[in-house]
Amino acid sequence: MAAAAGPSSSSSVKETLPPALGSTSQPPPVFDGTTRLYICYFCPFAQRAWVTRNFKGLQDKMELVAIDLQDKPAWYKEKVYPQGTVCWVYSCAFLEHDNEVWGESLDLIKYIDSNFDGPALLPEDSAKRQFADELIAYANAFTKALYSPLMAHAAVSDEVVAALDKLEAEMTKFNDGPFFLGQFSLADIAYVTILERVQIYYSHLRNYDITKGRPNLEKFIEEMNKIEDYTQTKNDPLFLLDLAQNHLKIA
């Protein structure tokens, strides 16, 4: 695998996104040799895989299939990922590749990085790679800590502050860039789609700025918003807020 990638991919392609498939749509010809990434456009877990695909320049090698989770086709679970369960708990991104289907977003981004050409998203340096593994392993706990008070309609908790402070501190381990490992990596992808949302939710619903007093986190978000392979996957902030209020019942 090549050396770890910098903040821009080798092939940034502006693509026309396909419409999301709903309950009346016909399934694609599953397991016909085509590599397909099934996603929901507004899911943060699916967005991780989408960003990874884009950054590695796989737009022409990995077909994007969008699913409308509000009007989900029955064939999606029957034909594509029968072991799949609730999107919030696991993932609404699945990869059809080599006659198998891969899911769970944190595993999936590692699989895409390891099994497809393009800029490497994990470093060769053993210390950085171990740190990346630790960060990725913590991502689900971080997500739970940030979302729990919102879904419980509670105030900003000590757990929220501690989780954000932990990320702020982790960004100082390597001082050669604005990202967790200095260079852009899977560790950044694991967190940025969650941060994108909680920054909106806490600002609007708690009048709480997650970057205040956290200059490393602020710089990280600023630099991520310069990466086209990520910004192409973002949704309108107020749309995400409305969606979360109506479907996750955050308040």
Side-chain angles (χ1 to χ4, degrees), residues 5 7-22 28 34-70 72-73 76 80-81 84 87-97 100-122 136 139-140 143 179-180 184-200 220-221 223-237 239-240 243-244 247:
S8 335
S9 71
S10 60
S11 176
S12 182
V13 178
K14 183 70 173 180
E15 64 181 327
T16 301
L17 299 179
L21 302 180
T34 301
T35 299
R36 297 182 177 90
L37 179 63
Y38 297 83
I39 67 166
C40 166
Y41 285 136
F42 51 76
C43 171
F45 310 114
Q47 191 181 2
R48 287 169 173 163
W50 188 6
V51 174
T52 305
R53 163 193 179 264
N54 289 357
F55 195 87
K56 291 183 76 69
L58 299 171
Q59 290 88 337
D60 293 333
K61 298 179 180 179
M62 188 180 293
E63 179 184 338
L64 205 62
V65 180
I67 302 296
D68 182 354
L69 289 185
Q70 297 171 309
K72 187 162 56 176
Y76 181 54
V80 180
Y81 201 64
C87 168
W88 165 247
V89 180
Y90 291 93
S91 177
C92 44
F94 304 105
L95 180 70
E96 176 191 341
H97 179 236
E100 294 188 62
V101 176
W102 302 84
E104 209 294 311
S105 64
L106 295 174
D107 293 336
L108 185 51
I109 61 176
K110 292 179 183 179
Y111 180 86
I112 294 172
D113 188 42
S114 299
N115 289 275
F116 292 88
D117 293 335
L121 283 164
L122 284 175
I136 293 169
N140 285 338
T143 302
F179 305 108
F180 282 110
F184 183 67
S185 73
L186 291 183
D188 305 303
I189 294 174
Y191 286 91
V192 69
T193 64
I194 304 301
L195 288 168
E196 175 187 338
R197 286 156 177 79
V198 297
Q199 184 175 35
I200 298 165
F220 170 78
I221 293 172
E223 291 301 316
M224 283 300 311
N225 282 321
K226 296 177 183 178
I227 299 177
E228 188 176 2
D229 296 310
Y230 161 62
T231 59
Q232 288 179 8
T233 71
K234 294 179 68 175
N235 280 280
D236 177 77
F239 168 76
L240 290 178
L243 194 72
H247 293 276

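Nothing fancy with the numbering, it's 1 onward along the sequence.
Nearest heavy-atom pair across Ala46 and Cys40 is CB-O, 3.6 Å. The minimum heavy-atom distance between Ala93 and Phe45, with the atom names listed, is CB-O, 4.4 Å. Leu106 and Ala190 make their closest contact through CD2-CB, 3.9 Å (heavy atoms, listed as atom of the first residue, atom of the second, distance). Phe94 and Val101 get closest at one heavy-atom pair: CB-CG1, 3.9 Å. Annotation for Asp117 and Leu58: closest pair O-CD2, 3.6 Å, computed over non-hydrogen atoms.
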Output, in order, the C-alpha distance, side-chain angles, deciding distance and verdict of side-chain contact (heavy atoms from CB on, under 4.5 Å) for Leu108 and Leu37.
-> CA-CA 10 Å; Leu108 185 51; Leu37 179 63; 4.2 Å; yes
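Aromatic ring pairs are classed by plane angle as parallel below 30°, tilted from 30° to 60° and perpendicular above 60°; the pair Phe179 and Phe184 is perpendicular.
Rounded to the nearest 0.5 Å, atoms CD1 (Ile189) and CD1 (Ile194) are 13.0 Å apart. Note that the CG atom of Asp236 and the CD1 atom of Ile200 stand 8.0 Å from one another [nearest 0.5 Å]. In this structure, OH on Tyr38 lies 9.0 Å from CG on Leu21, to the nearest 0.5 angstrom. Within the model, atoms OG of Ser114 and CD1 of Ile109 stand 10.5 Å from one another, a figure rounded to the nearest 0.5 Å. For the atom pair CG (Leu95) and CD (Glu104), the distance works out to 13.5 Å, reported to the nearest 0.5 Å.
A heavy-atom distance below 4.5 Å is found between the side chains of Tyr41 and Pro18. Side-chain contact check for Val51 versus Gln47: some heavy-atom pair is nearer than 4.5 Å. Here the side chains of Leu240 and Glu196 are in contact, with some heavy-atom distance below 4.5 Å. Glu100 is listed as a side-chain neighbour of Trp102, based on a closest heavy-atom distance under 4.5 Å.
Remark: Phe116 pairs with His97 by the ring-ring contact (aromatic ring centres under 6.0 Å, His included) rule, at least two apart or across chains. Take Tyr191 and apply the side chain to side chain donor-acceptor pair (under 3.5 Å) test, not counting sequence neighbours, and it matches no residue. Residues passing the side chain to side chain donor-acceptor pair (under 3.5 Å) test with Thr231: none are found, sequence neighbours excluded. Among residues two or more places apart in sequence or in another chain, the salt bridge (charged side-chain N to carboxylate O under 4.0 Å, His left out) test is passed with Arg48 by none. Partners of Gln199 according to the side-chain contact (heavy atoms from CB on, under 4.5 Å) rule, which considers only residues two or more places apart in sequence or in another chain, are Ile210, Thr211, Ile221. For Asn225, the side chain to side chain donor-acceptor pair (under 3.5 Å) partners two or more places apart in sequence, or in a different chain, are Lys234.
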Let me have the donor-acceptor pairs involving side chains of residues 61-69, under 3.5 Å, with sequence neighbours excluded, atom names and distances please.
from: Asp68; atom 1: OD1; to: Gln70; atom 2: N; distance (Å): 3.0
from: Asp68; atom 1: OD1; to: Asp71; atom 2: N; distance (Å): 3.4

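The backbone N or O of Tyr230 lies less than 3.5 Å from no partner atom in the side chain of Asn54, so there is not a single donor-acceptor pair.
A salt bridge is defined here as a Lys NZ or Arg NE, NH1 or NH2 lying under 4.0 Å from an Asp or Glu carboxylate O, and Asp113 with Lys56 meets this definition.
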